[in-house]
Amino acid sequence: MIALPEVRGKLLRDEPLGPFTWFRVGGNADVLFIPADGDDLADFLKVLDPAVPVTVLGVGSNVIVRDGGVEGVVVRLAGRPFAGITTEGDMITAGAGALDSLVARASAKAGLGGLEFYAGIPGTIGGALTMNAGCYGAETKDILVSARGLTRSGERVDYALADFGYTYRHSEAPADIIWIEATFRGTPDDPETVAAKIAEITSRRELTQPIREKTGGSTFKNPPGHSSWKLVDEAGWRGKLFKATGGGAMFSELHSNFMINPGEATAADIEGLGDAVRADVLAKTGVQLDWEIRRIGRPG
């Protein structure tokens, strides 16, 4: 059994993670830690055995938790201490647990443009920092100024934009940093104009993406010169049920780069579907599809 330090937050052993993910699948965390605040998390990491794996889980919008659960400690940054959003001048600072969409709305209220695209990303700021999240022609790297985080040993680190080495859906920052907050720079604009752009993005997303389904966002990155949805569609996988160990998963009829759990899928169904499509597309076209969705944990 993992020896755990005293904390002010919540420590839950053998806690189901499926309810925390948009797919609603997956096994248990050996330990789920919901820290009270950043200091609580830092103190915990400083004392926790360095050999114990630590995994961060946001709102679970872009992740598959495998059926065998997740080894070590899963950290979930939930609640007000990690979700605050403040503005000052043309700067907006948000906690890593803040929803991207709420950051977009806060920027509109403050009359700051440039962050509207965050209304189309179903995740948190921590995830956006990790993967240079973006959509509709804009990316995190376009607006980020700096970010603060904690190393696996609990030491505080500050990163400027250049330190991330961002490329398409990729960061050069160490993968074990747990981001606490970030500061972005917007462009002064009329609040109603910004709000209208956000409304347009939200409407477009509702019309073109299966946001009412148990889904996980974009499954694959777009290969150079290609659109992932077209490759999946042309390979014949739109709406085709795939079963591994459960009721099956499929790529959405509405958007063929979004996998959905239509009812009783397991994580093995969902990940197996993605791997089957990757292999089929590679065999048919020679194009390699790379996962955008994170897969964490042990096979069932």
Engineer: Hey, could you give me the OG1/CG distance between T21 and L57, rounded to the nearest 0.5 Å?
Structural biologist: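 Rounded to the nearest 0.5 Å, the OG1-CG separation comes out at 8.0 Å.
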
Engineer: Can you tell if the side chain of L77 reaches within under 4.5 Å of the side chain of P35, non-hydrogen atoms only?
Structural biologist: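 Yes, at least one pair of side-chain atoms sits under 4.5 Å.
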
Engineer: I would like to know whether D43 and R8 meet salt bridge (Lys or Arg N to Asp or Glu O under 4.0 Å); could you show each step before the answer?
Structural biologist: CA-CA 10 Å; D43 292 342; R8 289 181 286 111; 5.3 Å; no

Engineer: Linking I/L/V/M/F/W/Y whenever their side-chain heavy atoms sit closer than 4.5 Å, directly or via other members, would V74 and F20 fall into one cluster?
Structural biologist: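 V74 and F20: one cluster.
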
Engineer: Of all the heavy-atom pairs spanning A3 and L48, show the shortest one and how long it is.
Structural biologist: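 So the two residues come closest at O-CD1, 4.0 Å.
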
Engineer: Any non-hydrogen side-chain atom of V63 less than 4.5 Å from a side-chain atom of I296?
Structural biologist: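 Sidechains of I296 and V63: in contact.
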
Engineer: Would you compute the distance between atom CD1 of I121 and atom CE of M131 and round it to the nearest 0.5 angstrom?
Structural biologist: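 Answer for the CD1-CE pair, I121 versus M131, is 8.0 Å.
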
Engineer: Do M250 and W237 come close enough that some side-chain heavy atom pair is under 4.5 Å?
Structural biologist: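 No, their side chains stay 4.5 Å or more apart.
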
Engineer: For E200, does the CD atom sit with more than 12 other heavy atoms under 6.0 Å from it, leaving out its own atoms?
Structural biologist: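 Open.
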
Engineer: Give me the atom names and distance for the closest heavy-atom approach of I85 to A98.
Structural biologist: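 Closest approach of I85 to A98, heavy atoms only: CG1-CB, 4.1 Å.
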
Engineer: Please determine whether the number of non-hydrogen atoms from other residues, nucleotides or ligands lying under 6.0 Å from atom CD of Q288 exceeds 12.
Structural biologist: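 Counting other residues, nucleotides and ligands, CD of Q288 exceeds 12 neighbours.
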
Engineer: Does any non-hydrogen side-chain atom of L289 lie less than 4.5 Å from one of P223?
Structural biologist: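 They are in contact (side-chain heavy atoms under 4.5 Å apart), so the answer is yes.
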
Engineer: Would you compute the distance between atom NZ of K230 and atom CG of N222 and round it to the nearest 0.5 angstrom?
Structural biologist: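 Going from NZ on K230 over to CG on N222, the span is 10.0 Å.
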
Engineer: Counting heavy atoms not belonging to K10, are there more than 12 under 6.0 Å from its NZ?
Structural biologist: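 Atom NZ in K10 is not packed in, count stays at 12 or less.
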
Engineer: Please answer whether the main-chain N or O of G297 pairs with a side-chain N or O of R66 as donor and acceptor at a distance below 3.5 Å.
Structural biologist: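 Yes, the answer is positive, given that a donor and an acceptor are paired below the 3.5 Å cut-off.
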
Engineer: By side-chain contact (heavy atoms from CB on, under 4.5 Å), which residues pair with V56, not counting sequence neighbours?
Structural biologist: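 Residues passing side-chain contact (heavy atoms from CB on, under 4.5 Å) with V56: I178.
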
Engineer: Is it true that the side chains of E172 and H170 contain a donor and an acceptor less than 3.5 Å apart?
Structural biologist: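 The answer is yes; a qualifying pair exists.
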
Engineer: Please work out which of the three classes, parallel, tilted or perpendicular, describes the rings of W229 and H255, given edges at 30° and 60°.
Structural biologist: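 Because their plane-to-plane angle is over 60°, the rings of H255 and W229 count as perpendicular.
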
Engineer: Between E139 and R169, is there a side-chain N and carboxylate O pair less than 4.0 Å apart?
Structural biologist: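 Counted as a salt bridge, because a side-chain N and a carboxylate O are separated by less than 4.0 Å.
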
Engineer: Using 4.0 Å as the upper bound for N to carboxylate O, is an ion pair formed by R298 and D30?
Structural biologist: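 Yes.
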
Engineer: Between D233 and R238, does any side-chain N to carboxylate O distance fall below 4.0 Å?
Structural biologist: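 Yes, this pair counts.
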
Engineer: Just list the side-chain donor-acceptor pairs under 3.5 Å for residues 153-161, sequence neighbours left out, or say none.
Structural biologist:
residue	atom	partner	partner atom	Å
S153	OG	T151	OG1	3.0
R156	NH2	D39	OD1	2.6

Engineer: Less than 4.0 angstrom from a charged side-chain N to a carboxylate O is my criterion; do D269 and K243 meet it?
Structural biologist: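 Not counted as a salt bridge, because no side-chain N and carboxylate O are separated by less than 4.0 Å.
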
Engineer: In terms of hydrophobic clustering (I, L, V, M, F, W, Y; side-chain heavy atoms under 4.5 Å; direct or indirect links), are V31 and I34 co-clustered?
Structural biologist: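 Not linked; separate clusters.
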
Engineer: Please confirm whether the backbone N or O of M259 pairs with a side-chain atom of T215, one donor and one acceptor, at under 3.5 Å?
Structural biologist: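 Side chain of T215 to backbone of M259, a donor-acceptor pair under 3.5 Å: yes, one is there.
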
Engineer: Do V277 and V25 belong together in a cluster built from hydrophobic side chains that touch within less than 4.5 Å?
Structural biologist: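 Yes; V25 is reachable from V277 via cluster members.
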
Engineer: Quick check: do Y136 and R205 have side-chain heavy atoms less than 4.5 Å from each other?
Structural biologist: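 Y136 reaches R205 side chain to side chain.
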
Engineer: Which Ile, Leu, Val, Met, Phe, Trp or Tyr residues join M1 in one cluster when any pair of side-chain heavy atoms under 4.5 Å counts as a link?
Structural biologist: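 Once heavy-atom contacts under 4.5 Å are chained together, M1 still belongs with nothing else.
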
Engineer: Rounded at 0.5 Å granularity, tell me how far CZ in F258 sits from CD1 in I211.
Structural biologist: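 The CD1 atom of I211 is 9.5 Å from CZ of F258, to the nearest 0.5 Å.
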
Engineer: If two hydrophobic side chains count as joined below 4.5 Å and joins carry through other members, does V7 share a cluster with I180?
Structural biologist: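 Yes, V7 and I180 fall within the same hydrophobic cluster.
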
Engineer: Just checking, is any N or O donor in the side chain of R204 or T202 under 3.5 Å from an acceptor N or O on the other one?
Structural biologist: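 No.
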
Engineer: What distance separates L115 CG from T140 OG1, expressed to the nearest 0.5 Å?
Structural biologist: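 Rounded to the nearest 0.5 Å, the CG-OG1 separation comes out at 9.0 Å.
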
Engineer: Kindly say whether L282 contributes a backbone atom to a donor-acceptor pair with the side chain of T285 at under 3.5 angstrom?
Structural biologist: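 Side chain of T285 to backbone of L282: no pair is present.
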
Engineer: Measure centre to centre between the rings of F33 and F44, then say whether the value is under 6.0 Å.
Structural biologist: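 Centroid separation for F33 and F44: below 6.0 Å.
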
Engineer: For A128 and D100, work out which heavy atoms get closest and say how close.
Structural biologist: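 Scanning both residues, the minimum pair turns out to be CB-OD1, 4.0 Å.
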
Engineer: Evaluate the side chain to side chain contact (heavy atoms under 4.5 Å, CB included) criterion for residues E116 and I201: first the C-alpha distance (whole Å), next the side-chain angles of each, then the deciding distance (0.1 Å), finally the verdict.
Structural biologist: CA-CA 8 Å; E116 296 94 342; I201 288 172; 4.0 Å; yes

Engineer: Do N62 side-chain atoms and G216 backbone N/O form a donor-acceptor pair below 3.5 Å?
Structural biologist: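 Judged by distance alone, yes, a pair lies under 3.5 Å.
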
Engineer: Show the nearest heavy-atom pair for residues F117 and C135, with the distance to one decimal.
Structural biologist: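 Smallest interatomic distance, heavy atoms only, reads O-SG, 3.2 Å.
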
Engineer: Salt-bridge test for E292 and K221: reply yes if a basic N is under 4.0 Å from a carboxylate O, no otherwise.
Structural biologist: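 No, this pair does not count.
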
Engineer: For the residue pair T183 / T93, report whether a side-chain donor-acceptor contact shorter than 3.5 Å exists.
Structural biologist: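 Per modelled atom types, T93 and T183 side chains form a pair under 3.5 Å.
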
Engineer: Quick one: closest heavy-atom pair of D67 and A268, and the distance?
Structural biologist: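 Answer, listing the atom of D67 first, then A268: OD2-N, 2.9 Å.
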
Engineer: Side-chain contact, heavy-atom cut-off 4.5 Å: F220 with V281?
Structural biologist: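 No, side chains not in contact.
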
Engineer: Please report the interatomic distance OG(S228) to CG(N257), rounded to the nearest 0.5 Å.
Structural biologist: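 Nearest 0.5 Å value for the OG-CG distance: 4.5 Å.
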
Engineer: Passes side chain to side chain contact (heavy atoms under 4.5 Å, CB included), L112 versus T187? Steps please.
Structural biologist: CA-CA 5 Å; L112 295 175; T187 303; over 6 Å; no

Engineer: Less than 4.5 Å apart, side chain to side chain, heavy atoms only: is that true for K214 and W22?
Structural biologist: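 Sidechains of W22 and K214: no contact.
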
Engineer: Tell me, do D49 and I2 make a side-chain contact under 4.5 Å, heavy atoms counted?
Structural biologist: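 When only atoms from C-beta onward are counted, I2 and D49 do not touch, as no gap falls below 4.5 Å.
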
Engineer: So T87 and M91, side chain to side chain contact (heavy atoms under 4.5 Å, CB included) or not? Walk me through it.
Structural biologist: CA-CA 6 Å; T87 58; M91 300 288 195; over 6 Å; no

Engineer: Please walk me through it: do K284 and E234 pass salt bridge (Lys or Arg N to Asp or Glu O under 4.0 Å)?
Structural biologist: CA-CA 10 Å; K284 290 176 176 177; E234 290 168 0; over 6 Å; no

Engineer: Quick check: is V54 connected to L11 through a chain of hydrophobic side chains (ILVMFWY, heavy atoms under 4.5 Å apart)?
Structural biologist: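 Yes, L11 and V54 fall within the same hydrophobic cluster.
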
Engineer: Does the gap between the ring centers of W179 and F164 come in under 6.0 Å?
Structural biologist: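 W179 vs F164: aromatic centres under 6.0 Å.
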
Engineer: Check whether N132 reaches the backbone of T167 with its side chain - one donor and one acceptor, N or O, closer than 3.5 Å.
Structural biologist: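 The answer is yes, because a donor-acceptor pair under 3.5 Å joins these two groups.
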
Engineer: Are a donor atom and an acceptor atom from the side chains of Y118 and S107 found within less than 3.5 Å of each other?
Structural biologist: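 Short answer, no.
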
Engineer: To check you understand the geometry: which heavy-atom pair defines the closest contact between W291 and R278, and what is its length?
Structural biologist: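 The pair with the smallest heavy-atom distance is NE1-CD, 3.5 Å.
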
Engineer: Apply the test side chain to side chain contact (heavy atoms under 4.5 Å, CB included) to residues V65 and F23: give CA-CA distance (whole Å), side-chain angles for both, the deciding distance (0.1 Å), then the verdict.
Structural biologist: CA-CA 9 Å; V65 175; F23 280 122; over 6 Å; no

